[in-house]
S.K.: 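The structure under discussion is supplied below as structure tokens; questions concerning it will follow.
For ligands, and for the atoms within them, numbers begin at 1 and follow the listed sequence.
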Amino acid sequence: MKRVITYGTYDLLHHGHIRLLQRAKDLGDYLVVALSTDPFNAIKHKSSLYKYKERKIIVESIRYVDLVIPEKNWNQKISDVKKYSIDIFVMGSDWTGEFDFLKEYCEVIYLPRTPEISTSGTIRRLRK
Ligand code: C2G
């Protein structure tokens, strides 16, 4: 029973998000998504259109996702890996290297980002 975790805001869900979650789930049997809370988004200098409870409803509905937990700060990853008995930590390749400190606790895998799609790009296009 391989347990996988990944982190993110997942605002305005798009196929890049879905492909990341699908590939993350394919690496194991159980996928935990740590979903950025609204206050943590502010820390990431990111605002989301959909608020946390709305994004949680959406991400929980995805077939690849088994559990959604709140991501409240940068420092919870080691305790999350221990608390949820995680075997594999997964992020998109825009984060390559950023979380290698987790390698002493679990496998760390960075998956290629899906090109040509981003929430911020979609919002920019809508505003034109
Ligand atoms: N992603 C992707 N392809 C895209 C866009 C996003 O593979 N075209 C991936 C990102 O690499 C990330 C996940 O989808 O793994 C969620 O993306 P965001 O919601 O933008 O997450 P981010 O703001 O990068 O938050 O502690 C880590 C942070 O919370 C990550």
S.K.: What's the shortest distance from atom 16 (C) of ligand 1 to any protein heavy atom, and which residue and atom give it?
M.R.: Y10 CZ, 3.6 Å

S.K.: Do ligand 1 and K44 have nitrogen or oxygen atoms that lie under 3.5 Å from each other?
M.R.: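 Between K44 and ligand 1 (N or O atoms, distance only) the closest approach is under 3.5 Å.
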
S.K.: Indicate yes or no for a side-chain donor-acceptor contact from Q76 to the backbone of P70 under 3.5 Å, with no hydrogens or angles considered.
M.R.: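 It does hold such a pair.
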
S.K.: When you measure from atom 3 (N) of ligand 1 to every protein heavy atom, which one gives the shortest distance, and what is it?
M.R.: T114 N, 3.1 Å

S.K.: Among the clusters formed by ILVMFWY side chains lying less than 4.5 Å apart, do L13 and L126 turn up in the same one?
M.R.: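 Cluster IDs for L13 and L126 differ.
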
S.K.: Just to be sure I'm reading this right: ignoring hydrogens, which of R113, E71, E116 gets closest to atom 6 (C) of ligand 1? Compare them by their nearest heavy atoms.
M.R.: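 Minimum heavy-atom distance to atom 6 (C) of ligand 1 goes to R113.
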
S.K.: What do the steps show when you test E107 against D87 for side-chain contact (heavy atoms from CB on, under 4.5 Å), and what is the final call?
M.R.: CA-CA 6 Å; E107 211 178 325; D87 302 291; over 6 Å; no

S.K.: Looking only at protein heavy atoms, which one is nearest to atom 24 (O) of ligand 1, and what is the separation?
M.R.: W95 NE1, 2.9 Å

S.K.: In terms of residue, atom name and distance, what is the protein heavy atom nearest to atom 14 (O) of ligand 1?
M.R.: H17 CD2, 3.8 Å

S.K.: Does the cation-pi check pass for R3 over Y30, that is, NZ or CZ under 6.0 Å from the six-membered ring centre and within 45° of its axis?
M.R.: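 Verdict for Y30: a cation-pi partner in R3.
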
S.K.: Any idea which protein heavy atom is nearest atom 15 (O) of ligand 1, and the distance to it?
M.R.: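 The protein heavy atom lying closest is G92 N, 3.0 Å.
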
S.K.: Using non-hydrogen atoms of the residue, decide whether H14 is closer than 4.0 angstrom to ligand 1.
M.R.: yes

S.K.: Nearest to atom 11 (O) of ligand 1, what protein heavy atom do you find, and at what distance?
M.R.: D94 OD1, 2.6 Å

S.K.: What do you reckon, does K77 put a non-hydrogen atom under 4.0 Å from ligand 1?
M.R.: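 True for this residue.
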
S.K.: Of all the heavy atoms in S36, does at least one lie under 4.0 Å from an atom in ligand 1?
M.R.: yes

S.K.: Among all protein heavy atoms in this structure, tell me which lies nearest to atom 9 (C) of ligand 1, with the distance rounded to 0.1 Å.
M.R.: L20 CG, 4.0 Å

S.K.: For atom 20 (O) of ligand 1, which candidate among K46, H15, E98 provides the closest heavy atom?
M.R.: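 Closest candidate by heavy-atom distance is K46.
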
S.K.: Between I117 and ligand 1, which residue portion shows a heavy-atom distance shorter than 4.0 Å: side chain, backbone, both, or neither?
M.R.: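 The answer is both, backbone and side chain.
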
S.K.: Please check if the distance between the ring centroids of W95 and Y7 is under 6.0 Å.
M.R.: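 Between W95 and Y7, the centre distance exceeds or equals 6.0 Å.
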
S.K.: Under a 3.5 Å distance rule, please check whether K53 uses its side chain to pair with a backbone N or O of Y50 as donor and acceptor.
M.R.: no

S.K.: Check whether any side-chain N or O of S93 sits under 3.5 Å from a backbone N or O of R113 as a donor-acceptor pair, and report yes or no.
M.R.: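 Answer holds: yes.
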
